[in-house]
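There's a structure below that I have some questions on.
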Amino acid sequence: MKVTFQTCCGVDVHKSFPVATIIKTTGGIEPAYQKKRFSTFNNSILEFKQWLLDNNCHDVCMESTGKYWIPVFNLLEDEIHITIANPKWVKAVKGNKDDAKDSKRTGGTRMRLLFVMLL
């Protein structure tokens, strides 16, 4: 499948922390991954935003699970393009559940532009 975004981020948001994975394609066959975990306090979400900007990442995809994504969205939306995905679209495949895997899969799906619901 064709890569549409060279750099994007998948975020798995929980009540007390979001897990983010930046995915970069640099011409090689395998993309490079950077994973980081933040807290849900405003200063940490702003640190997350700066981390995205420092890595030249302006496209983020996150699940709309519960209400926990709303503060993250509110603090990122002025400089970052955010796609909110229906959890059904990025549902975990069978096997072990892992936040890092979830964020990586969400970002990979966004990179290939498989989401059409844009905000």
Nearest 0.5 Å, please: how far is NZ in Lys15 from NZ in Lys67?
8.0 Å
Given side chains that start at C-beta, do those of Asn55 and Lys24 come closer than 4.5 Å, heavy atoms only?
yes
Transitive ILVMFWY side-chain link Leu53 to Phe38, under 4.5 Å
yes
Let me confirm one number: the NZ-CG distance from Lys49 to Asn42, rounded to the nearest 0.5 Å.
11.0 Å
For a 4.5 angstrom cut-off between non-hydrogen side-chain atoms, does Gln34 reach Ile23?
no
Output the distance between atom CH2 (Trp69) and atom CD1 (Ile84), rounded to the nearest 0.5 Å.
4.5 Å
Side-chain heavy-atom pair Leu52, Glu79 within 4.5 angstrom cut-off:
no
Say whether Gln50 and Asp54, considering side chains only, have a donor N or O and an acceptor N or O under 3.5 Å apart.
yes
Quick one: are Val19 and Lys35 in side-chain contact, heavy atoms under 4.5 Å?
yes
Ring-plane angle category for His14 and Phe17, please: parallel below 30°, perpendicular beyond 60°, tilted otherwise.
tilted
Please report the shortest heavy-atom distance between Ile45 and Ser39, naming the atom on each side.
CG1-O, 3.9 Å
Distance col, row Cys61:SG vs His81:NE2, nearest 0.5 angstrom, shows 10.5 Å
Identified side-chain contact (heavy atoms from CB on, under 4.5 Å) partner of Val60 from the options Ile22, Thr83, Val11:
Val11
Is the shortest heavy-atom distance from the side chain of Ile82 to the side chain of Met62 under 4.5 Å?
yes
Flag side-chain contact, heavy atom, 4.5 Å: Phe48 against Leu75:
no
Which atoms form the tightest heavy-atom contact between Pro18 and Thr40, and what is the distance?
CD-CG2, 4.0 Å
Same cluster for Val13 and Leu46 if Ile/Leu/Val/Met/Phe/Trp/Tyr side chains link at under 4.5 Å?
yes
